[in-house]
Amino acid sequence: MKRSSGIRLCATVAVSALSLALITGCSDGGSDKAESNTENAAQGSEKNTAKALTAAELKKLILAKSDLVGYEIAPVDKSVPAVKTAVTVDKKQCQPLAWAMSAQAPGDAASATNETATEAKKASPSKSVEDMTEKEMEDAFNASLDHPVTLIGLSSYDGDGAEKAFKSVSDAVKNCSGGFALTVGKDSTKYTGVVTEKASNSGDESVAFGASSVMEDTGGQKGTVHTEVVRHGSTLVTYYTVNLGALIANKAYTVPSAVIDAQSAKLK
């Protein structure tokens, strides 16, 4: 049976949490930008003397399985770089975006941790594969991928480091509207646009953006991945979400509000 473009598209990326491979092996175009909520940002010129949380404290604050019903919480997989120096870009001003999209600290953090939150998969069809038509098999395959996978990164900073790191992301969204190339190891992703998206208004400040690229074997179909960065005092949270099934079906999706709400509740 001849595989559809959707099956060819996802055959090599279905198990990747970061799913950079989706755009890395299937990219070359797009257009996007970002929205920031800074109404509650700290004001005044007094020196910020906030102390960063330790790595142990951050691990207690990042989402646990019991915090979010309907999601699987797990360590990030090997597709996620272990150190932020493994994530590079062709435009220096876009580096904070690349770090946020890779569950890395956007700034010079004193401590950091990350994990993956995956929405529980929908029930499999009761019909056996042998009894399915090619269209039914394709639909079942795509449906099995239609659930958001979110990389969550927590990082903590001394003094005004969190505010500076947040601003670097917010500025990068504006300065990188024309796109940038992101490289992790030997894999490179070409994003040709970054666009503003509605932020959750969580925490003290929040900024959200989408980055798009043309996917391989789709006749020019664009795929967009979504990122949000939220500041809670001296701690930043990055959320990077991809939904392979939605990308194949060209359906809209976002960073799940349930994930943001649950994580924000632990940081209040």
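All residue numbers refer to positions in the sequence shown, counting from 1. All values below come from the heavy atoms of this structure, side chains included, with hydrogens, waters and symmetry mates left out.
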Discussion item. Let's go through Thr189 and Tyr191 carefully: what are the C-alpha distance in whole Å and the side-chain angles of both, what is the deciding distance for side-chain hydrogen bond (donor to acceptor under 3.5 Å, both in side chains) to 0.1 Å, and is it a yes or a no?
Written reply: CA-CA 6 Å; Thr189 303; Tyr191 297 104; 4.6 Å; no

Worksheet item: CD/Glu228 to CD1/Ile152 distance, rounded to the nearest 0.5 angstrom?
Response: 12.0 Å

Worksheet item: Listed by chain and number, what are the salt bridge (charged side-chain N to carboxylate O under 4.0 Å, His left out) partners of Lys59, not counting sequence neighbours?
Response: none

Worksheet, complete the sentence: Here the pair of heavy atoms bringing Cys176 nearest to Leu97 is CB-CD1, 3.9 Å

Worksheet entry | Partners passing salt bridge (charged side-chain N to carboxylate O under 4.0 Å, His left out) against Lys167 (at least two apart in sequence or in another chain) | Asp171

Worksheet item: Any donor and acceptor pair, going by atom type alone, linking the side chain of Gln263 with main-chain N or O of Leu63 inside 3.5 Å?
Response: yes

Worksheet, complete the sentence: Here the gap from Thr113 atom OG1 to Ile62 atom CD1, rounded to the nearest 0.5 Å, amounts to 5.0 Å

Worksheet, complete the sentence: Residues passing the salt bridge (charged side-chain N to carboxylate O under 4.0 Å, His left out) test with Lys164, sequence neighbours excluded, are Asp160

Response to the item:
By salt bridge (charged side-chain N to carboxylate O under 4.0 Å, His left out), Asp261 pairs with (sequence neighbours left out) none

Worksheet item: What closest approach, in Å, do Ser206 and Ala199 show between heavy atoms, and which atom pair accounts for it?
Response: OG-CB, 3.5 Å

Fill in: Non-hydrogen atoms of Val230 and Tyr239 that approach each other most closely
CG2-CE1, 4.0 Å

Discussion item. I need the minimum non-hydrogen distance between Lys198 and Ala208, along with the two atoms involved.
Written reply: O-CB, 3.8 Å

Using residues 251-260 as the side-chain source, report each donor-acceptor pair under 3.5 Å to any protein atom, sequence neighbours left out, with the distance given to one decimal.
residue : atom : partner : partner atom : Å
Lys251  : NZ   : Asp146  : OD2          : 2.8
Tyr253  : OH   : Thr224  : O            : 2.5

Worksheet item: Got a sec, which pairs hit side-chain hydrogen bond (donor to acceptor under 3.5 Å, both in side chains) with one end in residues 83-93, sequence neighbours left out?
Response: none

Worksheet, complete the sentence: Closest non-hydrogen contact found for Pro81 with Val87 is CG-CG2, 3.4 Å

Worksheet entry | Trace of the side chain to side chain contact (heavy atoms under 4.5 Å, CB included) decision for Val149 with Asn243 | CA-CA 6 Å; Val149 178; Asn243 182 327; over 6 Å; no

